[in-house]
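Note on naming: letters A, B, ... go to the chains in the order of the sequence lines (proteins, then strands), and numbering restarts at 1 for each one.
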Number of protein chains: 2
Amino acid sequence: MKDLPHKTIERLSQYRRALLLCLDKGKTHIYSHEIAKIQHITAVQVRRDLMLIGYTGTLRKGYNVKELIDLIGHIIDSEEGINVAIVGMGNLGRALINYFAGKRSKLKIVAGFDINPDKIGNIMSGVPCFSLDEMPEVIAARNIKVGIMTVPADFASDTANALVKAGIKGILNYTPKPVNVPKEVYLEEYDMITTLEKVAFYVKMQEEEES
Amino acid sequence: MKDLPHKTIERLSQYRRALLLCLDKGKTHIYSHEIAKIQHITAVQVRRDLMLIGYTGTLRKGYNVKELIDLIGHIIDSEEGINVAIVGMGNLGRALINYFAGKRSKLKIVAGFDINPDKIGNIMSGVPCFSLDEMPEVIAARNIKVGIMTVPADFASDTANALVKAGIKGILNYTPKPVNVPKEVYLEEYDMITTLEKVAFYVKMQEEEES
DNA sequence: GAAATTTTGTTAATATTTTAACATTGTTAA
DNA sequence: TTAACAATGTTAAAATATTAACAAAATTTC
């Protein structure tokens, strides 16, 4: 499973989310073209992804929703679950916590860190907030593997270093400033401004095309 | 410029951000490998992207930071600027507004919408908040082209429909639920959960490899 | 002033990702 | 019962994206 295409991994996560909604609606089976419609992709791509993970549906009945959810879980989730910390309990940090609240996922946000004394010691949306000094102990004690960075840009680099030093294995950086980490730490940069600029670019293009 | 690769568009936005920081530091020239280092990509890729936009640097001196910033601006920005609205002034909506505050970009968040009467009529981080009923008029009056959706998942579909009806040209959906829009509206789905699940997957993979 | 070095710009090769094509097989319908 | 249909699974082709290779030229070093 190690060599699944990166894009397939992303889509599996998305398929699962869509499938969970279907399950809630009482749907037991689903066709590749239904999944495709939801995700704005083609049915071939869905079938290809499922082929890659070795799942086979029923001809003319489609895929068993429950089975598929479980299989995707076996592939992308860690069996014991993975604990996550958020550094920066500002608007973005809290937004992410709320996103996850209630989701019965193998991913659990178990700690938050902030510099603001008013926040430290509190429990915010179910997540206890610690000071930055406590990072090494908290990360070790709670077996935290992944860190999400939602601090202001100026603190990006220091935060990344602190996370690495504390033994984190993966970082998701929401800061607009790219950071450097040793190669054994998996790093995903996600820049919200870029996404918006991209949308604006294609809107502009479309307008210019029309005129 | 229409046929620049999608990935190049994204990277141009990122290059510009990096270049702006360099400019602040007083750097006048930069090498392709320096840009590459910041963005965690290869120098060849940087040079190739710049080739595609027809920018040429100075041999052995690198690229002129100021010039390059301007050129990227000419390519990805709309000359008159593009106005943006945020629907959902919760944590995520406010986080995005703060991200943009102070950035002298051609993209301006000029209106927010929310369902909460306590927020309506207020100015939040410099952005006035309107009720959903006012959407058509506000979007028309303020010439808003792009809408960012930061509402709870249950409102995703209705919000998208309302934005389309109001004449929006591009939508950036931060909701975990994909939406449908007519094909003339540019849609970018961005799912924060997927990104985190991806990081967790690769962390898990690395651990399994080690054992 | 010649050789070595460094950096750009570009073409060619490789790798990845998506899409097309189609064989297969249950199911429905005539 | 047999033909038409609708869905899966898979191989092959096409499109997209990245990386390698290298020529050209300015700068530095000897």
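A/Pro136 meets the side-chain contact (heavy atoms from CB on, under 4.5 Å) test with no other residue; sequence neighbours excluded. Remark: B/Thr175 pairs with B/Asn173 by the side-chain hydrogen bond (donor to acceptor under 3.5 Å, both in side chains) rule, at least two apart or across chains. Not a single side-chain hydrogen bond (donor to acceptor under 3.5 Å, both in side chains) links A/His33 to another residue, sequence neighbours left out. For A/Lys169, the salt bridge (charged side-chain N to carboxylate O under 4.0 Å, His left out) partners two or more places apart in sequence, or in a different chain, are B/Glu207. Annotation: side-chain hydrogen bond (donor to acceptor under 3.5 Å, both in side chains) contacts of A/Lys66 (sequence neighbours excluded): A/Asp70. Legend: residues meeting side-chain hydrogen bond (donor to acceptor under 3.5 Å, both in side chains) with A/Arg48, ordered by chain and number and at least two apart, are absent.
Applying the ring-ring contact (aromatic ring centres under 6.0 Å, His included) definition to pairs two or more places apart or across chains, those involving residues 6-26 of chain A are A/His6-B/Tyr202. Residue pairs that meet the ring-ring contact (aromatic ring centres under 6.0 Å, His included) test with at least one member in residues 61-85 of chain B, sequence neighbours left out, are B/Tyr55-B/Tyr63.
Less than 4.0 Å separates DNA chain D from at least one heavy atom of each of the following residues of residues 61-71 of chain A: A/Gly62, A/Tyr63. For residues 25-33 of chain B, proximity to DNA chain C is found at B/Tyr31, B/Ser32, B/His33, defined as any non-hydrogen atom under 4.0 angstrom from a strand atom.
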For nucleotides 17-25 of chain C, 5' to 3', base contacts (B), sugar-phosphate-only contacts (S) and non-contacts (-) with protein non-hydrogen atoms under 4.0 Å give SSBB----B
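The existence of a salt bridge linking A/Asp49 and A/Lys7 is excluded, since no basic side-chain nitrogen approaches an acidic carboxylate oxygen closer than 4.0 Å.
A 4.0 Å heavy-atom criterion places the boundary nucleotides of DNA chain D facing chain B at D/dA17 to D/dT27, written 5' to 3'.
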